[in-house]
Chemist: 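Pasting a structure below so you can have a look.
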Amino acid sequence: MRPAQEFRFWARRAPTAERISAGVAATLVIALLAWLLVPGSGPKATNLASGGGRTSGELGVVGGGAGGAAGPDSGLGTTGGAAGNAGSSGGAAGAASTSGTAAGTNGSAPGGGLAPGCPSASGITGVSNSQIKIAVTLTNIVGPAANSLFGIASPAEQQSWYEAVLDDINKKGGIASRKIVPTFYPTNPSDQNELQQRCLQIAQSGVFAEVDNGAYAIYPQKHCYAQHGIPFFGGYILFRDEIDQFYPYLFNISEFDTLDRNAVFALKDRGFFNVPPNEKIGFTYRDCDKPLVDKWMTWFQQVGVPSSKLVTYDFGCPAVFASPSDIQAAVLKFKENNVTRLTAHQLVGDFSNFSNVAQQQGFKPQYGLPDESIIDVAYGSQAPNPDNIAGAIAIAQGRSGEERTPGAVPSAGTAKCNAIYQAHGIKPTYQLAPGAGYVCDQLWMFQAAITNAPALHPAALAAGLQRAKSIDFSYPGGPNDFTGTRQTTGGQFWRVAQFMASCKCWQVIDPNFHPSYP
């Protein structure tokens with residue numbers, strides 16, 4: 001993906017508060033486009049050999065695959081030596097928060113003996129007998145497009161969420177009998193160089209793990225952490241290919257491949273693809289992720305949608321939004337071919353424009369979509385046309401939509417997260433950006449991985465998460481099953497939401513979560 005396209009994709013999928021009003025949307029897009037068109041290099045495989053001061057036994061195999069850290073599923077027993085220092089942070093990375101303390105700790109130098117029954121971690125970077133040091137990257141958009149313009153919580157607000165959850169964990173004994181001590185790094189997701197330099201800076205700082213609130217999202221620069229043997233805990237979504245390439249170091253809330261496959265088969269079971277002989281199924285996609293698009297074509301065949309019934313439109317891999325001419329052409333093609341049902345891969349960034357053009361042209365298909373943040377972007381300046389998408393179906397792996405569903409009861413995990421926030425003067429998760437709930441999920445995942453790991457070692461956390469089996473996530477996270485092979489994300493279940501014309505909102509119509517299709 002090109003940098004600007006990645007930023008657009010991040011801005012649409014990242015869990016954010018409701019977007020800014022429609023009145024400033026056009027100004028924002030123009031400013032953002034002008035800003036992003038400044039020449040710069042695109043993202044590259046980081047292919048780093050530096051170990052950032054970590055011992056050789058911590059790194060796994062550096063340079064496996066396409067420069068990734070890949071080793072046995074256990075992640076232990078195969079080592080590659082550090083090849084030097086990570087290097088200085090560079091000017092783009094900026095300064096981290098210097099407090100370096102979690103609430104409930106005083107940030108003093110580690111000391112004292114190890115309590116009976118606590119796992120030892122001699123020589124492991126970032127771990128002492130009393131503390132585990134982590135880095136937390138906070139989304140900090142700078143330039144013409146600031147956090148507030150995208151409706152994203154400020155770095156200070158994001159930090160308050162982490163401090164609240166870490167305070168709760170530390171007051172209850174920490175993790176592995178150690179306090180969790182964070183250092184916070186505001187990081188600009190639109191600056192590819194800063195993302196890279198920030199990783200080098202964090203690797204050099206000597207932390208055990210990195211937790212990201214959205215600065216890296218789906219960007220390949222996150223692979224830098226895996227290449228330094230640093231577990232990366234994101235709050236969004238991963239591709240199966242990168243999970244496998246950099247196993248066992250990448251963790252996240254969900255996975256694209258599972259979500260999209262469940263969507264196709266769930267739509268099939270709901271009769272979505274059963275259309276009369278004279279009607280067709282439409283499919284729009286971006287070819288930035290060609291292997292996953294190929295999977296979609298296979299899934300269509302498996303659910304009984306032959307190529308003769310399928311009308312497709314490829315938006316290519318545009319820098320930001322699909323061009324108006326492409327959207328017009330897609331709508332015209334679907335309308336002329338009597339498409340009455342439409343599904344899509346990566347329509348989320350163009351859903352507003354597409355649905356508005358479709359409404360103007362009198363094209364009103366039944367939409368059936370994977371919830372690639374389709375629900376979260378339904379409100380504010382980038383909302384789709386409510387008349388055009390009335391009755392749309394979304395196959396969701398999380399709990400988005402229940403906050404507007406009458407009679408919905410928060411899950412136990414949501415109630416737990418809400419109680420933590422309430423104790424720290426923070427609103428409940430239903431009233432905050434989705435990222436607030438994901439903070440609870442990320443840190444609980446990190447806690448479960450360490451608590452159940454066969455050793456307090458960065459390469460052992462995946463095994464620990466799999467031993468934990470599942471975690472009761474907070475909204476908007478859904479139920480999960482980590483017992484699968486190389487499973488480091490949630491998203492193994494799905495349910496159905498629908499866009500209601502009466503409230504112009506998404507509501508859950510099938511409250512039961514169903515297991516992934518085999």
Side-chain angles (χ1 to χ4, degrees), residues 51-55 57-60 75-76 96-137 159-185 202-213 225 228-233 248-249 251 416-417 420 423-424 439-468 471 482 488:
R54 306 176 80 81
T55 62
E58 292 176 273
L59 286 176
L76 297 171
S97 170
T98 57
S99 61
T101 60
T105 74
N106 60 17
S108 60
L114 190 63
C118 295
S120 63
S122 178
I124 300 299
T125 299
V127 180
S128 72
N129 286 347
S130 60
Q131 297 179 348
I132 298 176
K133 294 169 56 180
I134 65 172
V136 179
T137 43
Q159 182 168 332
S160 72
W161 301 338
Y162 282 103
E163 288 176 336
V165 181
L166 287 171
D167 180 54
D168 180 74
I169 290 173
N170 286 334
K171 284 180 176 178
K172 294 176 180 177
I175 302 176
S177 301
R178 295 164 169 89
K179 299 291 186 182
I180 307 303
V181 180
T183 300
F184 295 97
Y185 297 84
I202 288 172
Q204 181 71 12
S205 73
V207 297
F208 178 74
E210 146 73 357
V211 181
D212 177 52
N213 193 251
Y225 292 99
H228 281 87
I230 301 173
F232 174 93
F233 286 79
Y249 294 107
F251 300 79
K416 177 182 175 183
C417 189
I420 293 170
H424 292 80
V439 166
C440 288
D441 300 341
Q442 289 175 299
L443 293 176
W444 293 342
M445 186 186 296
F446 177 63
Q447 182 178 33
I450 292 180
T451 301
N452 295 279
L456 184 44
H457 190 288
L461 298 195
L465 188 63
Q466 290 149 19
R467 287 182 175 186
I471 300 168
F482 300 111
T488 57

Chemist: Identify each donor-acceptor pair in which a side-chain atom of residues 446-456 lies under 3.5 Å from a protein atom, sequence neighbours left out, and give them as a table.
Modeler:
| residue | atom | partner | partner atom | Å |
| --- | --- | --- | --- | --- |
| T451 | OG1 | Q447 | O | 2.7 |
| N452 | ND2 | A448 | O | 2.8 |

Chemist: Using 0.5 Å steps for rounding, measure from the CD1 atom of I202 to the NZ atom of K133.
Modeler: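 Going from the CD1 atom of I202 to the NZ atom of K133 covers 12.0 Å.
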Chemist: Tell me which one of I180, D167, V136 satisfies side-chain contact (heavy atoms from CB on, under 4.5 Å) with Y162.
Modeler: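 So, applying the side-chain contact (heavy atoms from CB on, under 4.5 Å) to Y162 and each of I180, D167, V136, only V136 qualifies.
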Chemist: Please tell me if the side chains of L166 and P182 come closer than 4.5 Å, counting only heavy atoms from C-beta onward.
Modeler: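 Result yes, sub-4.5 Å side-chain heavy-atom pair found.
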Chemist: If you measure from CZ on R467 to CG on L461, what distance do you get to the nearest 0.5 Å?
Modeler: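 Rounded to the nearest 0.5 Å, the CZ-CG separation comes to 12.0 Å.
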Chemist: For F251 and Y249, work out which heavy atoms get closest and say how close.
Modeler: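 Between these two residues, the closest heavy atoms are CD1-O, 3.7 Å.
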Chemist: How many angstroms lie between atom CG of L443 and atom CG of D168, to the nearest 0.5 angstrom?
Modeler: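 It is 10.5 Å, given to the nearest 0.5 Å.
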Chemist: Passes side-chain contact (heavy atoms from CB on, under 4.5 Å), V439 versus N213? Steps please.
Modeler: CA-CA 7 Å; V439 166; N213 193 251; 3.5 Å; yes
Chemist: Compare every heavy atom of F233 with every heavy atom of Q442, then report the nearest pair and how far apart it is.
Modeler: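 Heavy atoms only, the tightest pair is NE2-O, 3.1 Å.
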Chemist: Write down the atom of A203, the atom of H228, and the distance for their closest heavy-atom approach.
Modeler: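 Here A203 and H228 meet closest at CB-CD2, 3.7 Å.
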Chemist: Treating H457 as the side-chain partner and A459 as the backbone partner, does any N or O pair qualify as donor plus acceptor under 3.5 Å?
Modeler: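 Such a contact is found between H457 side chain and A459 backbone.
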Chemist: In Å and rounded to the nearest 0.5 Å, what is the CD1 to OG distance from I134 to S205?
Modeler: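 Output value for this atom pair is 11.0 Å.
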Chemist: If the test is side-chain contact (heavy atoms from CB on, under 4.5 Å), which one of I230, V127, I124 qualifies with P458?
Modeler: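 By the side-chain contact (heavy atoms from CB on, under 4.5 Å) criterion, P458 pairs with just one of I230, V127, I124: I124.
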Chemist: Find out whether Y225 and V207 are in side-chain contact, i.e. whether some heavy atom of one side chain is under 4.5 Å from a heavy atom of the other.
Modeler: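 Side chain of Y225 against side chain of V207, heavy atoms only: no contact under 4.5 Å found.
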Chemist: Starting at OG1 of T488, measure out to CG of L465 and round the result to the nearest 0.5 Å.
Modeler: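 It comes to 7.5 Å.
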Chemist: Mind checking side-chain hydrogen bond (donor to acceptor under 3.5 Å, both in side chains) for T137 and listing every partner two or more places apart, or none if nothing turns up?
Modeler: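 T137: side-chain hydrogen bond (donor to acceptor under 3.5 Å, both in side chains) contacts with E210, D212.
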Chemist: Okay, side chain of S120, backbone of S122: is any donor-acceptor separation there less than 3.5 Å?
Modeler: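 No, because the side chain of S120 does not come within donor-acceptor range (under 3.5 Å) of the backbone of S122.
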Chemist: Using the rule given for side-chain contact (heavy atoms from CB on, under 4.5 Å), can you reason through I132 versus K179, listing the C-alpha separation, both sets of side-chain angles and the distance that settles it, and then say yes or no?
Modeler: CA-CA 6 Å; I132 298 176; K179 299 291 186 182; over 6 Å; no
Chemist: Can you name the closest pair of heavy atoms from A135 and Y185 and give their distance?
Modeler: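 A135 and Y185 have their closest heavy atoms at CB-CE1, 3.7 Å.
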